[in-house]
Amino acid sequence: MARAATTSDAFNAIAEPQRRDILALLRAGERPVTELARELGMSQPGASKHLRVLREVGLVRVRGVGKQRLYGLDARGLRPVHEWVGGFERFWSGSFDRLDAYVQDLKQERQGE
């Protein structure tokens with residue numbers, strides 16, 4: 001089965017670790033591509049390519065300030081990822097609730113000894 005293009009959706013775009021790193025840096029606020037590249041130890045053209053992919057799927061926005069372009073996080077694009085992960089969150093919450101109940105039962109048994 002052929003793999004979907006990285007620009008097709010947020011899931012494919014964030015499959016690349018360096019793109020996730022860029023998103024993590026942008027949580028703190030807007031940054032120019034040169035700063036992102038320096039922080040991540042990559043070339044400016046490499047960072048620009050990742051930013052283009054993130055922009056195309058709606059995870060990053062760009063605005064011009066004079067001659068500089070600032071990139072910022074647009075977390076609305078992560079909604080499909082958040083909703084998908086939410087199903088697993090419910091699974092883990094249930095698992096932790098069962099574990100907590102088991103631990104409480106063990107504590108009561110030990111107190112009764």
Side-chain angles (χ1 to χ4, degrees):
M1 176 189 242
R3 185 171 175 216
T6 57
T7 57
S8 65
D9 64 22
F11 291 95
N12 284 316
I14 65 171
E16 163 60 50
Q18 290 179 314
R19 292 190 197 118
R20 292 192 305 269
D21 292 342
I22 289 171
L23 293 175
L25 287 173
L26 293 177
R27 283 187 303 208
E30 294 179 322
R31 295 180 182 217
V33 66
T34 52
E35 186 178 320
L36 291 167
R38 186 176 59 250
E39 290 266 344
L40 297 171
M42 67 173 64
S43 68
Q44 186 272 328
S48 292
K49 286 180 183 180
H50 287 305
L51 286 164
R52 179 184 50 79
V53 170
L54 293 169
R55 221 176 42 246
E56 288 176 0
V57 299
L59 297 176
V60 168
R61 65 184 182 289
V62 62
R63 71 179 180 96
V65 178
K67 292 183 179 183
Q68 194 172 44
R69 295 176 65 164
L70 295 177
Y71 293 86
L73 178 64
D74 189 348
R76 294 175 297 180
L78 289 170
R79 181 174 300 280
V81 175
H82 175 73
E83 290 171 353
W84 184 77
V85 170
F88 295 97
E89 183 179 344
R90 287 185 291 279
F91 166 79
W92 284 111
S93 291
S95 295
F96 288 132
D97 289 345
R98 288 189 299 279
L99 179 60
D100 184 50
Y102 177 72
V103 169
Q104 295 305 321
D105 289 345
L106 286 176
K107 284 181 180 179
Q108 288 179 354
E109 286 177 17
R110 287 188 179 171
Q111 287 175 351
E113 291 178 356

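The first residue of the sequence shown is numbered 1, and numbering continues consecutively from there. Keep in mind that what you see is a predicted model, and the values were worked out from it rather than measured.
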Worksheet item: Quick one: does Arg55's side chain have a donor or acceptor within less than 3.5 Å of a partner on Val60's backbone?
Response: no
Tell me the closest heavy-atom pair linking [X] and [Y], and the distance in Å.
X: His50; Y: Ile22; answer: CB-CD1, 3.5 Å
X: Leu59; Y: Gly77; answer: CD2-C, 3.3 Å
X: Phe11; Y: Val81; answer: CZ-CA, 3.7 Å

Discussion item. Once side-chain contact (heavy atoms from CB on, under 4.5 Å) is applied, do any residues pair with Lys67, and if so which ones, sequence neighbours excluded?
Written reply: none
Item to complete: Kindly write out the residues that satisfy side-chain contact (heavy atoms from CB on, under 4.5 Å) with Gln111, not counting sequence neighbours, or none if the list is empty.
Response: none
Roughly how far, to the nearest 0.5 Å, is the [atom2] atom of [Y] from the [atom1] atom of [X]?
X: Leu54; Y: Leu51; atom1: CG; atom2: CG; value: 6.0 Å
X: Arg110; Y: Gln108; atom1: CZ; atom2: CD; value: 13.0 Å
X: Arg52; Y: Lys49; atom1: CZ; atom2: NZ; value: 8.0 Å

Extract all donor-acceptor atom pairs below 3.5 Å that involve side chains of residues 28-37 and protein atoms in other chains or at least two apart in sequence.
from: Glu30; atom 1: OE1; to: Arg63; atom 2: NE; distance (Å): 3.0
from: Glu30; atom 1: OE1; to: Arg63; atom 2: NH2; distance (Å): 2.8
from: Glu30; atom 1: OE2; to: Arg63; atom 2: NE; distance (Å): 2.8
from: Arg31; atom 1: NH1; to: Glu35; atom 2: OE2; distance (Å): 3.3

Item to complete: Start with the C-alpha distance between Ile14 and Arg19, add both sets of side-chain angles, then the distance that settles side-chain contact (heavy atoms from CB on, under 4.5 Å), and finish with yes or no.
Response: CA-CA 6 Å; Ile14 65 171; Arg19 292 190 197 118; 5.7 Å; no
Item to complete: Return each pair, listed once, that meets salt bridge (charged side-chain N to carboxylate O under 4.0 Å, His left out) where at least one residue sits in residues 76-86; pairs must be two or more places apart or across chains.
Response: Asp74-Arg76
Discussion item. Tell me every residue that passes ring pair (Phe, Tyr, Trp, His ring centres under 6.0 Å) with Tyr102, counting only those two or more places apart in sequence or in another chain.
Written reply: none
Worksheet item: Do Phe88 and Leu78 share a hydrophobic cluster (ILVMFWY, side-chain heavy atoms under 4.5 Å, transitive)?
Response: yes
Worksheet item: Same cluster or not: are Leu26 and Leu70 linked, directly or through other Ile, Leu, Val, Met, Phe, Trp or Tyr residues, by side-chain heavy atoms under 4.5 angstrom apart?
Response: no
Worksheet, complete the sentence: By side-chain hydrogen bond (donor to acceptor under 3.5 Å, both in side chains), Arg98 pairs with (sequence neighbours left out) Ser95
